[in-house]
Amino acid sequence: MPGSTTLGPGHGMDMIDHPDAQRLTAVMTRLHRLLTVSGPGGLTDAQVAALCGVGKTDREEFTTWLGALNDQLRKATA
């Protein structure tokens with residue numbers, strides 16, 4: 001459907017408006033950068049643990065997952 005992005009099969013929302021998908025991609029790009037930058041410009045391990053839920057994942061896995069998902073969404077919104 002023009003103006004929307006299909007997210008995939010599921011029991012919930014399958015599409016979001018294209019501008020929303022583009023905005024989500026921009027946010028995910030910034031978050032990915034914050035995860036990969038070390039020092040004061042990046043997220044601390046404690047902040048990453050709060051985002052992921054303590055004990056559910058580690059920083060490297062979360063960063064890899066976010067980067068891959070962001071790439072897919074960026075391609076879908078191009």
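We use all heavy atoms of the structure for the numbers below, so side chains are in, but hydrogens, waters and symmetry mates are not. The first residue of the sequence shown is numbered 1, and numbering continues consecutively from there.
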For this session: Answer yes or no: is there a donor N or O on one side and an acceptor on the other, between the side chain of Asp58 and the main chain of Glu61, under 3.5 Å?
Result: yes
For this session: Identify, with sequence neighbours excluded, every residue that meets side-chain contact (heavy atoms from CB on, under 4.5 Å) alongside Leu34.
Result: Leu43
Cut-off 3.5 Å, no hydrogens considered: what does the side-chain donor-acceptor table look like for residues 62-70, sequence neighbours left out?
{"unit_1": "Thr63", "atom_1": "OG1", "unit_2": "Arg59", "atom_2": "O", "d": "2.8"}
{"unit_1": "Thr64", "atom_1": "OG1", "unit_2": "Glu60", "atom_2": "O", "d": "2.9"}
{"unit_1": "Asn70", "atom_1": "ND2", "unit_2": "Thr29", "atom_2": "OG1", "d": "2.9"}

Exercise. Roughly how far apart are Leu31 CG and Leu35 CG, rounded to 0.5 Å?
Worked result: 4.5 Å
Problem set entry | Heavy-atom closest pair, residues Met28 and Leu73 | SD-CD2, 4.0 Å
Exercise. Does Arg33 have any salt bridge (Lys or Arg N to Asp or Glu O under 4.0 Å) partners at least two apart in sequence or in another chain, and if so, which?
Worked result: none
Exercise. Which residues pass the side-chain contact (heavy atoms from CB on, under 4.5 Å) test with Ser38, sequence neighbours left out?
Worked result: none
Problem set entry | By side chain to side chain donor-acceptor pair (under 3.5 Å) - contacts of Gln47 (at least two apart) | Thr44
Problem set entry | Contacts of type salt bridge (Lys or Arg N to Asp or Glu O under 4.0 Å), residue Asp71, not counting sequence neighbours | Arg74
